[in-house]
Enquirer: 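Right, I'll just put the structure down here and ask away after.
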Number of protein chains: 2
Amino acid sequence: MSLQQSPFARKLGAFVALSGEELSALDRLHSRRKTFPAGRDMVHEGQVNQSAYILASGWVCSYKLLSGGTRQIVDFQIPGDFLGLRSVLFRTADHNIEPVTKVEASEVLVEDLLATFGKTPRLGTAVLWAASRDEAMVVEHLVGIGRRDARERTAHFLLELGARLKLVGLGTALGYACPLSQYMLADALGLSAVHINRVLRELREDGLVTFQHGKVEIHDLDGLVLLADFDRHYLDHDGPLLK
Amino acid sequence: MSLQQSPFARKLGAFVALSGEELSALDRLHSRRKTFPAGRDMVHEGQVNQSAYILASGWVCSYKLLSGGTRQIVDFQIPGDFLGLRSVLFRTADHNIEPVTKVEASEVLVEDLLATFGKTPRLGTAVLWAASRDEAMVVEHLVGIGRRDARERTAHFLLELGARLKLVGLGTALGYACPLSQYMLADALGLSAVHINRVLRELREDGLVTFQHGKVEIHDLDGLVLLADFDRHYLDHDGPLLK
DNA sequence: CGACGGGACTGATCTGCCTCAGTTCACGAT
DNA sequence: ATCGTGAACTGAGGCAGATCAGTCCCGTCG
């Protein structure tokens, strides 16, 4: 275990216990560091031959635009997350990617990735697991939008985000820094910004969570978990699954 | 090209042009044929060490149950689709799978799958593409539930289903057989069955589609595409992408 | 300094969809 | 023939969340 792990290494380490050799193989993937300013799209839907990225710092969101001008945010990515894996496989991006904050990311060439997996197959397993978890999150998101009301949905979202951030060392069970505006929350949760605002006020007045000044503070974890019908296990585990 | 291709071979063939050798490697995956009656779950959420399946005939749906008793159908699978790939990777199923009709499916052991990919890597590519397309469909579904109204959502769903069925030779641009009840449609689209019924009536009265007696008939394809904001390209293509 | 702009926040009104409570019809079992 | 069941279908009434039209606050820029 090194003192200063990258969020990516930290996240994969939660799935598969990593050796020193595997950790340095990961480090080598981080050579082509790039930065992106907040707000200007990194990837547009339809673009071909995009690179994949590993997010080192900052937040981004993946979204789709509809003809009516509305948008749906599919997911947020936080440090340690893989970006645009599907777009690479498919050769053409099927969604837009916008940095929420200033972002640092490592460009990953497919050939480097495959070579790394060839030499250290357990890393391949770990990345596959991480990708499966991301897919599971999209599914959970779908379920939430389809069948949970605004309060439940918001509560679930904040809990899930907290669990993800905790995994990469950017938050605790009690709170975390969150650069999202209420507009972005609305676009992610399929609600209007006006309604998000009221829901956040309700959750605050009920003593469950506050989300103000870029900080989420969880005041009643059990109450929130109950409201959201949140499965603590599906993101949460202590120690790697594969030793 | 064999005369009688399985739906799975037909679908993969749309992504990657397959040689005779590759086709027979596919056939060998179909040895452990099983059948399942309609209505009784094949897989329950939380089950461990499930097999994966390739659907040979019949329809199934993947869904999640919420604490309130409601359910959200995440996706339907039709012949040629892969079943439970994520559950296998993750070792434990994160959703339920219920046959909509009587179903025939080939059980696929992970080791057989990996061995096949080792010998015929282009098949691996094709399966990966198919999996990416499935993931893209879940994303599109999410967008629909989040930001499309009931009419658009229903129209989009019927078009997408048609495109998928056409790919495996079970439908045309004008219509297809569809064993889904309005209740299932409701659970998939995040609506009530009552409302689905009214929406279907409206679409029928507007001369766009009819869905009656297990048959979907598209009467005004352009109108429907326009209403649904349907991207004809993302599922539709003539001839394999990789020669 | 004042102007400007973007985010948080609010009240009033409207509406899409849900819920409840049915009816009708087709079909399989008794 | 009758019963039961499950799917399609309908009307009435209610409500969650959208939309409209703002105000207030704060940070930034000329």
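Each chain gets a letter, A, B and so on, in the order the sequences are listed, and its residues count up from 1.
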Enquirer: Would you call D229(A) and R153(A) a salt bridge, taking side-chain N to carboxylate O under 4.0 Å as the test?
Expert: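 No, D229(A) and R153(A) are not salt-bridged.
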Enquirer: Enumerate the protein-to-nucleotides 7-12 of chain D contacts in which both atoms are nitrogen or oxygen and the separation is below 3.5 Å.
Expert:
{"from": "dA8(D)", "atom 1": "OP2", "to": "Q182(B)", "atom 2": "N", "distance (Å)": "2.9"}
{"from": "dC9(D)", "atom 1": "OP2", "to": "Q182(B)", "atom 2": "NE2", "distance (Å)": "2.8"}
{"from": "dC9(D)", "atom 1": "OP2", "to": "N197(B)", "atom 2": "ND2", "distance (Å)": "3.4"}
{"from": "dC9(D)", "atom 1": "O5'", "to": "N197(B)", "atom 2": "ND2", "distance (Å)": "3.4"}
{"from": "dT10(D)", "atom 1": "OP2", "to": "R201(B)", "atom 2": "NE", "distance (Å)": "2.7"}
{"from": "dG11(D)", "atom 1": "N7", "to": "R198(B)", "atom 2": "NH1", "distance (Å)": "3.2"}
{"from": "dG11(D)", "atom 1": "O6", "to": "R198(B)", "atom 2": "NH2", "distance (Å)": "3.4"}
{"from": "dA12(D)", "atom 1": "N6", "to": "R198(B)", "atom 2": "NH2", "distance (Å)": "3.2"}

Enquirer: If I take atom CG from residue L165(B) and atom CG from residue L167(B), how far apart are they, to the nearest 0.5 angstrom?
Expert: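 One gets 9.5 Å once the value is rounded to the nearest 0.5 Å.
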Enquirer: Go through the steps to decide whether E104(B) and T35(B) satisfy the test side chain to side chain donor-acceptor pair (under 3.5 Å), and finish with yes or no.
Expert: CA-CA 4 Å; E104(B) 289 183 298; T35(B) 75; over 6 Å; no
Enquirer: Is any side-chain heavy atom of Q77(A) closer than 4.5 Å to one of Y53(A)?
Expert: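 A side-chain contact under 4.5 Å is absent here.
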Enquirer: Return the CZ to OH distance between R71(A) and Y183(A), rounded to the nearest 0.5 Å.
Expert: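 Output value for this atom pair is 12.0 Å.
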Enquirer: List, with names and distances, any nitrogen or oxygen atoms from the protein found under 3.5 Å away from nitrogen or oxygen atoms belonging to nucleotides 15-17 of chain D.
Expert:
{"from": "dG17(D)", "atom 1": "OP1", "to": "A150(A)", "atom 2": "N", "distance (Å)": "3.0"}

Enquirer: Give a yes or no on whether R91(B) atom CZ has more than 12 heavy-atom contacts from other residues, nucleotides or ligands under 6.0 Å away.
Expert: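 Not more than 12 within 6.0 Å, no.
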Enquirer: Are any of the side-chain nitrogens in E107(B) or R33(B) under 4.0 Å away from the carboxylate oxygens of its partner?
Expert: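 No salt bridge links E107(B) with R33(B).
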Enquirer: State whether R201(B) and E205(B) are salt-bridged, where the test is any N-O pair (Lys NZ or Arg NE/NH1/NH2 against Asp/Glu carboxylate O) under 4.0 Å.
Expert: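 Salt bridge: yes.
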Enquirer: Tell me: CG of L189(B) to P of dC17(C), nearest whole Å?
Expert: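 Those two atoms, CG and P, are 11 Å apart.
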